[in-house]
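Heads up, the thing below is written out as structure tokens.
For clarity, every value in this text was computed on a predicted model and none was experimentally measured. The figures that follow rest on heavy atoms only: side chains count, while hydrogens, waters and symmetry mates do not.
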Amino acid sequence: MVGQPILKIEGLTKSFGRLVAVKEVDLTVQPGELKSIIGPNGAGKTTLFNLVTGRLTPDRGRALFRGEEITGLRPHEIMTRGMARSFQITNIFPNLTVFENVRLAVQRRVLGGPGGLLRWRRAGEIGQRTAEILERTGLAPHRDQPAGTISYGDQRHLEIAICLGTEPALLLLDEPTAGMSPAETQATIALIQALAGSVTILLIEHDMDVVMRVSDSIFVMHFGERLAEGDPDTIRKDPRVQEAYLGRVE
């Protein structure tokens, strides 16, 4: 029996003037699942992420996270409930070290705002947790380097590490391999596969090799709507998906 979804989207709709970017989208993500959202450019994928994470307010529909409605909440309010998101454009503090970037996220999660004596007493816990995340994401060798000086691929991994610092139950990754070299892409695939299961992942990705290798299920969008949904083999063989991708899915 399938339990309560960690994320449930019901009829989400968002228009920008006459352009309907997302139209009546229903989607569920189960705990521990790695679900990918794919679709041609302009399909509404990132807009859907923005609706779920509070950066946009839907015209209609709602989103429930862990059974609680989050529609209309601000991004930081959603984050404190256990959701984290990476962006298409790398979002790090380039002048801080790799360790400091992650520590800030861990500190915010552990302390929840208080400072002073509590901050001092829990400094060891924060440092240990930060070091564990750097090991987990392969960034430990770069811990003392300014984040702006490490490779592009490592910067993208750092953004994922920052997300992990908030201890999310659901991690949303928006095109994590975009702009990467083949070697960086392979390293990112390995990282995502290593994280899968310990954290639920909702992934937007254009690289179909990545999608087919890492996904438990795939949700296909086209012109803002659901086109298809299923496991990788089902999606690979779907003629509607093949047509939408102009033959890129074989």
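For the residue pair Thr234 and Asp231, a side-chain donor N or O sits within less than 3.5 Å of a side-chain acceptor on the partner. In summary, the side chains of Asp174 and Thr46 do present a donor paired with an acceptor at a separation below 3.5 Å, with no hydrogens or angles considered. Under the 3.5 Å distance criterion, with hydrogens and angles disregarded, a donor-acceptor pair is assigned to the side chains of Gln186 and Arg213. Under 3.5 Å, the side chains of Asn91 and Arg85 contain no donor-acceptor pair of N or O atoms. No side-chain donor from either of Thr80 and Arg74 sits under 3.5 Å from a side-chain acceptor of the other. Side chains of Thr177 and Glu205: a donor on one and an acceptor on the other come within 3.5 Å.
Grouping the Ile, Leu, Val, Met, Phe, Trp and Tyr side chains by contacts below 4.5 angstrom, directly or via other members, places Val214 with Ile160.
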Subject >> Criterion side-chain hydrogen bond (donor to acceptor under 3.5 Å, both in side chains) on Arg136 and Ser198, from CA distance to verdict >> reply: CA-CA 12 Å; Arg136 189 178 184 188; Ser198 60; 2.5 Å; yes

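Of the charged side-chain nitrogens involved, at least one lies within less than 4.0 Å of a carboxylate oxygen, so that Glu229 and Lys35 count as a salt-bridged pair. With respect to Glu24 and Arg60, a salt bridge is recorded, a charged nitrogen being found less than 4.0 Å from a carboxylate O.
No donor-acceptor pair under 3.5 Å is formed between the side chain of Glu225 and the backbone N or O of Val25. Of the possible polar contacts, one joining the Glu33 side chain to the Gln30 backbone as a donor-acceptor pair under 3.5 Å is found. Distance alone, capped at 3.5 Å, is enough to place a donor-acceptor pair between the Arg66 side chain and the Arg81 backbone.
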